[in-house]
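Quick notes on the structure that follows.
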Protein chains: 2
Amino acid sequence: METKPTNSELEILHVLWQRGPSLVRDVHDELSKRRTTGYTTVLKLMQIMAEKGLVRRNEDNRAHVYHAMVSESETQKGLTDDLVDRMFGGSAHRLALHALGSQKATPEELSEIRRLLDQMEERS
Amino acid sequence: METKPTNSELEILHVLWQRGPSLVRDVHDELSKRRTTGYTTVLKLMQIMAEKGLVRRNEDNRAHVYHAMVSESETQKGLTDDLVDRMFGGSAHRLALHALGSQKATPEELSEIRRLLDQMEERS
DNA sequence: TTCATTATACGAAGGGCTTCGTATAAATGC
DNA sequence: GCATTTATACGAAGCCCTTCGTATAATGAA
């Protein structure tokens, strides 16, 4: 399954993941908190996303209820894999190294990663 | 500095990073090994990249010599930061966790990451 | 010199994404 | 009932990316 939403689609998906099934009005209100955006713009985007299968809508009521058809984690995976392929020669651990080194991490985050490494070592 | 090349631009940059300063013909020949692509298509892309400042060209000779103006590592950083912002709430360590978990890693890779973690702990 | 080869320049088409204006229908309030 | 509000539908413009065709100039070979 191809899961590589555009920027605008991603913004909308974030709202749906956070709020759960929502009306266009809800999504528009949420997006408007951060930037100006027209109502029909959001509507159009969500209609297109429905055609693509990124969301599905319930048309029982006049105001259609939209819910995400792709999960946050599979979208993370899709976009991460894409970056790994395009920029890190297919090596995920090189991306991990880059991401780790590029930002300060809290001790909690560091130990969280160590725990994951431990798990991976056990299983190998 | 904004460093977020498109897909085609990235392919061309990969060739320049690998080969060093190159002619359009060189880049085209290299790309042709993997997929069909027209010579003038590559030329046009590289001309546009020059306008954007992604590459610079030396016009002393008839066949212009192009060289990359963005490094591989800064491009990696730009694209990684972008993904972190768009999909991981600005948290690079969450991306690292995701990347690590998504692929099997060799023991060497795992210890490489442990070394980086050690360094980061020392410095904090 | 003349013809074929090999460069760059450039316009334009086609597709995708984003945005918006307008049309229309349903619901609401007075 | 009737005007206002609030939905969806839809066409089209504008922008960017990609691709290609064609024009033109420089080079090289016979």
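Below, read A as the first sequence line, B as the second, and so on, with proteins coming before strands; counting in each chain starts at 1.
Regarding L54(B), its CG atom lies at a distance of 11 Å from the P atom of dT18(D), rounded to whole Å. In this structure, H64(A) places its NE2 atom 12 Å from P of dA26(C), rounding to the nearest Å. Protein atom CZ of R35(A) is 14 Å distant from nucleotide atom C1' of dC20(C), rounded to whole Å. Atom pair N61(B):CG and dA7(C):C1' shows a separation of 12 Å (rounding to whole Å applied). Between the CZ atom of R25(B) and the P atom of dA26(D) there is a distance of 19 Å, rounded to whole Å. dT8(D) atom P lies 15 Å from atom CD of E51(A), rounded to whole Å. What separates CG of D60(A) from P of dA7(D) is a distance of 17 Å, to the nearest Å. D26(A) places its CG atom 11 Å from the P atom of dT8(D), with the value rounded to the nearest Å.
Side-chain proximity of K52(B) to dC17(D), dT8(D), dT19(D): nearest is dC17(D). Of the candidates dA7(D), dT18(D), dA9(D), dA9(D) carries the atom nearest the Q47(A) side chain, counting heavy atoms from C-beta on.
At a threshold of 4.0 angstrom between heavy atoms, the contacts of T40(A) include nucleobase atoms, whether or not backbone atoms are also involved. Contacts of T41(B) with the nucleic acid, taken as non-hydrogen atoms under 4.0 Å apart, include base atoms. Residue I48(B) is in base contact, counting any heavy-atom pair closer than 4.0 Å across all strands shown.
In terms of phosphate contacts, Y39(A) brings no side-chain nitrogen or oxygen within less than 4.0 Å of OP1 or OP2 of dT19(C). Taking only side-chain nitrogens and oxygens, S8(B) comes nearer than 4.0 Å to OP1 or OP2 of dT18(D). Between R57(B) and the phosphate of dA9(C), there is a side-chain N or O to OP1/OP2 separation shorter than 4.0 Å.
Taking 4.5 Å as the limit, every side-chain heavy atom of L54(A) sits out of range of all side-chain heavy atoms of I12(A).
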Inset, instruction - Just do the side-chain contact (heavy atoms from CB on, under 4.5 Å) check on M46(A) and L43(A) with the steps written out, would you? - result: CA-CA 5 Å; M46(A) 292 175 76; L43(A) 170 65; 5.8 Å; no
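Using cut-offs of 30° and 60° for the angle between ring planes, the H64(B) and Y66(B) rings count as tilted.
Of the residues near DNA chain C, L43(B) and T37(A), the one whose nearest nucleotide (by heavy atom distance) lies more toward the 5' end is L43(B). Each of N7(A) and R62(A) was assigned the nucleotide of DNA chain C with the nearest heavy atom; the assignment lying further toward the 5' end belongs to N7(A). In terms of position on DNA chain D, the residue among K44(A) and A63(A) whose nearest nucleotide sits closer to the 5' end is A63(A).
Counted by atom type alone, H93(B) and Q103(A) present zero donor-acceptor pairs between their side chains at under 3.5 Å. Side-chain atoms of S111(A) and R114(A) include no donor-acceptor pair closer than 3.5 Å.
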